[in-house]
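These notes concern the structure reproduced below.
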Amino acid sequence: MARRLSLPAFCVFIICFSMLNDPVLCKTLKRDVKALNEIKASLGWRVVYSWVGDDPCGDGDLPPWSGVTCSTQGDYRVVTKLEVYAVSIVGPFPTAVTNLLDLTRLDFHNNKLTGPIPPQIGRLKRLQILNLRWNKLQDVIPPEIGELKSLTHLYLSFNNFKGEIPRELASLPELRYLHLQENRFIGRIPPELGTLQHLRHLDVGKNHLVGTIRELIRIDGCFPSLRNLYLNDNYFTGGVPAQLANLTNLEILYLSHNKMSGIIPAELARIPRLTYLFLDYNQFSGRISDGFYKHPLLKEMFIEGNAFRQGVKPIGFHKVLEVSDADFLV
C-alpha cells in the first residue's frame, strides 16, 4: 500500500519545490558575477551608477543591472545578454566579457571603446549578435571570430579596424548580416564569403578595398540569399559581370565612387527584386538597356559621374538612400 504524506509534510514539500523552481532564489554563477564586476570596474562611472549591488542578475530587493539579462539554467542564473550602448564608455574592450560563456547578445555600440577585439572572443560559442559599431576600435579582426558558429549579426562598422577582411568570417554558417563599412580595411573581399548560405546583407563601403566583382562572385552558386551588396567608396576596378544576375535575391546594388568601367550588362535588368542600383561616379560607358527602365521594382538608378552615351537617363528622384543598422537587428 502506497504511503501517503501527512498534510503538514505535503505543505513543506510544496514550499521546498517552489523555492527550487523560483528563479529569484537561484544563485548567479560565480563565473558571471566575477566577470561582470570586473567589467563594472573597467567601464567607468557612467555605467557604475546604475549597477548597484554585487550580483548583476539582482539580489533580494535589488533589480538586475541595467543592460544585463539573465536566464535560469538548472540551479543557477547565467548572463545571456549584455547591452551597454550610447553611454560614452571610454577605454579598451573589456576582456572579461569573454568569460560570459552563455552570452547570446553583446551590444557595446556608440561608445568610445579603443584597442583591438581580444582573440578570446572566440570563447563565446553561443553568441548570436555582436554589435560594436560606432566606437574607436582598432587593429585587425582576430581570426578567432570565425569560432562564433552561432553568430547571425555582426556589426563592426564605424571603427578604425585595419588589415584584410578575415577569411574566417566564411566559417560562420548562420551569419545573415555583415556590416564592415567605414573602417580601414585593405586588400580584397574573400570570395569565400559567397559560401555563406544565409548571408543577406554585406556592407564593406568606405574602406580601402581593391579587386573586381568577378573575383568576388567566382564561386559557383555564391551568395544564394544576398539581398543587399554595398561596395561603394572603395577602389574596385573592372566591369560589372553578367554573372552578377545569378544573385536572384539582390535588391540593392551599391557601386558608387569606385574605379569601375565598361558597360552595364542587360542581364542585370532581369534580377527580379532589384530595387536600388547605384552606378554613379565610376568610369562606366555605353548605353543602358531598356530593360532597366521597364523593371517593375527598380525605384532608383544613379548614373551621374560616368561616361554613358548622351541621352542615358537616371531612374527615380535620387533621394539619398539611408538604411539604418537598426533595420537589421532582431
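Given the structure is predicted, the values throughout are model-derived calculations rather than measurements.
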Practice task
Report yes or no: does Asn111 contribute a side-chain atom to a donor-acceptor pair with the main-chain N or O of Val87 at less than 3.5 Å?
Solution key: yes
d(Tyr76 OH, Cys57 SG) to nearest 0.5 Å is 13.5 Å
Taking every heavy atom of Ile39 against every heavy atom of Pro94, the minimum-distance pair comes out as CG1-CB, 4.3 Å
* **Ile121 vs Pro142 side-chain heavy atoms within contact, under 4.5 Å** => yes
query = Does Val78 share a hydrophobic cluster with Leu36, counting links as ILVMFWY side-chain heavy atoms below 4.5 Å and allowing steps through other members?
reply = no
Inset, instruction - Please assess Ser157 against Glu182 for the test side chain to side chain contact (heavy atoms under 4.5 Å, CB included), listing each intermediate value before the final yes or no. - result: CA-CA 6 Å; Ser157 49; Glu182 296 216 25; 5.7 Å; no
Less than 4.0 angstrom from a charged side-chain N to a carboxylate O is my criterion; do Lys149 and Glu174 meet it?
no
Quick one: do Leu298 and Leu277 satisfy side chain to side chain contact (heavy atoms under 4.5 Å, CB included)? Show the steps, please. CA-CA 8 Å; Leu298 190 58; Leu277 178 59; 4.2 Å; yes
Open item on the list: Tell me whether Asp102 contacts the main-chain N or O of Thr80 through its side chain, where contact means a donor paired with an acceptor under 3.5 Å.
Closed with: no
Between the OG1 atom in Thr98 and the CG atom in Leu103, the distance rounded to the nearest 0.5 Å is 10.0 Å
inquiry  = Looking at Arg126 and Leu101, would you say the former's side chain and the latter's main chain have a donor-acceptor pair under 3.5 Å?
reply    = no
| Does any donor atom in the side chain of Ser225 or Asn249 lie under 3.5 Å from an acceptor atom in the other side chain? | no
The residue among Phe158, Tyr155, Phe161 that forms ring pair (Phe, Tyr, Trp, His ring centres under 6.0 Å) with His179 is Tyr155
Can a donor-acceptor pair be found, under 3.5 Å and without considering hydrogens, that links the side chain of Thr212 to the backbone of Glu215?
yes
Worksheet item: Does the side chain of Leu196 come within less than 4.5 Å of Phe223's, by heavy atoms?
Response: no
Connected via hydrophobic side-chain network under 4.5 Å: Leu29 and Leu124 | no
Any donor-acceptor N/O pair, Asn110 side chain to Tyr85 backbone, under 3.5 Å | no
*Determine whether Asn160 and Lys136 make a side-chain contact, defined as any pair of heavy atoms from C-beta on separated by less than 4.5 Å.*
yes
Here the gap from Leu169 atom CG to Arg167 atom CZ, rounded to the nearest 0.5 Å, amounts to 11.0 Å
Rounding to 0.5 Å, atoms OH (Tyr293) and CD1 (Ile288) come to a distance of 4.5 Å
When every non-hydrogen atom of Val68 is compared with those of Pro56, the smallest separation belongs to CG1-O, 3.8 Å
Note to self: Could you see if Leu229 belongs to whatever hydrophobic cluster contains Leu209? Use Ile, Leu, Val, Met, Phe, Trp, Tyr and a side-chain cutoff under 4.5 Å.
What the structure shows: yes
Handout entry: Close side-chain approach of Asn232 and Leu255, heavy atoms under 4.5 Å
Key = no
Under a 4.0 Å N-O cut-off, is there an ion pair linking Asp203 with Lys206? no
Any donor-acceptor pair under 3.5 Å linking the side chain of His295 with the backbone of Ile271?
yes
Can you tell me how the ring of Phe278 sits relative to the ring of Tyr276, calling it parallel under 30°, perpendicular over 60° and tilted otherwise?
parallel
*When clusters are formed by joining ILVMFWY residues with side-chain heavy atoms under 4.5 Å apart, either directly or through shared neighbours, do Tyr281 and Met301 land in the same one?*
no
query: Going only through I, L, V, M, F, W and Y residues with side-chain contacts under 4.5 Å, is there a path from Val210 to Ile186?
result: no
Heavy-atom closest pair (Pro190 atom, Ile165 atom, distance to 0.1 Å) is CG-O, 3.3 Å
query = Are Val140 and Ile117 close enough that some pair of their side-chain heavy atoms sits under 4.5 Å apart?
reply = no
Exactly one of Lys34, Arg123, Glu38 clears side-chain hydrogen bond (donor to acceptor under 3.5 Å, both in side chains) with Asn99, and that residue is Arg123
(message) Is a donor from one side chain sitting under 3.5 angstrom from an acceptor on the other, for Arg133 and Asn131?
(response) yes
Are more than 12 heavy atoms from other residues, nucleotides or ligands located less than 6.0 Å from atom CG of Asp139? yes
May I have the step-by-step check of side chain to side chain contact (heavy atoms under 4.5 Å, CB included) for Leu82 and Thr69, ending in yes or no? CA-CA 7 Å; Leu82 181 57; Thr69 301; over 6 Å; no
Task: Trace of the side chain to side chain contact (heavy atoms under 4.5 Å, CB included) decision for Leu202 with Tyr177 - done: CA-CA 6 Å; Leu202 174 59; Tyr177 297 97; over 6 Å; no
Aromatic ring pairing Tyr230/His201, orientation class (parallel under 30°, perpendicular over 60°, tilted between): tilted
(request) For residues Thr104 and Ile129, determine if any side-chain heavy atom of one lies less than 4.5 Å from a side-chain heavy atom of the other. (result) no
Note: Ile213 and Gly239 closest approach over all heavy atoms is CB-O, 4.4 Å
- Should Pro314 and Phe302 count as side-chain neighbours, where that means a heavy-atom distance under 4.5 Å? no
Q.
Donor-acceptor check, side chain of Asn228 to backbone of Glu251, threshold 3.5 angstrom: yes or no?
A. no
Note: Val79 and Cys70 closest approach over all heavy atoms is CG2-SG, 4.0 Å
| Which class fits the ring pair Trp65 and Trp51: parallel under 30°, tilted 30 to 60°, perpendicular over 60°? | parallel
State, with a plain yes or no, whether a side-chain heavy atom of Asp59 is found less than 4.5 Å away from one of Asp54.
no
In Arg214, Glu267, Met260, the residue satisfying side chain to side chain contact (heavy atoms under 4.5 Å, CB included) with Val240 is Met260
Rounded to the nearest 0.5 Å, the OG1 atom of Thr152 sits from the CZ atom of Arg176 at a distance of 6.5 Å
Heavy-atom closest pair (Asn234 atom, Leu231 atom, distance to 0.1 Å) is ND2-O, 3.2 Å
Side-chain donor or acceptor of Asn207 paired with backbone N/O of Gly205 under 3.5 Å:
yes
**Prompt:** Can you tell me if Asp107 uses its side chain to pair, donor with acceptor, with the backbone of His109 under 3.5 Å?
**Reply:** yes
Is it true that Asp55 and Arg77 have a side-chain N and a carboxylate O under 4.0 angstrom from each other?
-> yes
dist Leu148:CG -> Leu106:CG (nearest 0.5 Å) comes out at 10.0 Å
Between the main-chain N or O of Phe236 and the side-chain N or O of Asn258, is there a donor-acceptor pair closer than 3.5 Å? yes
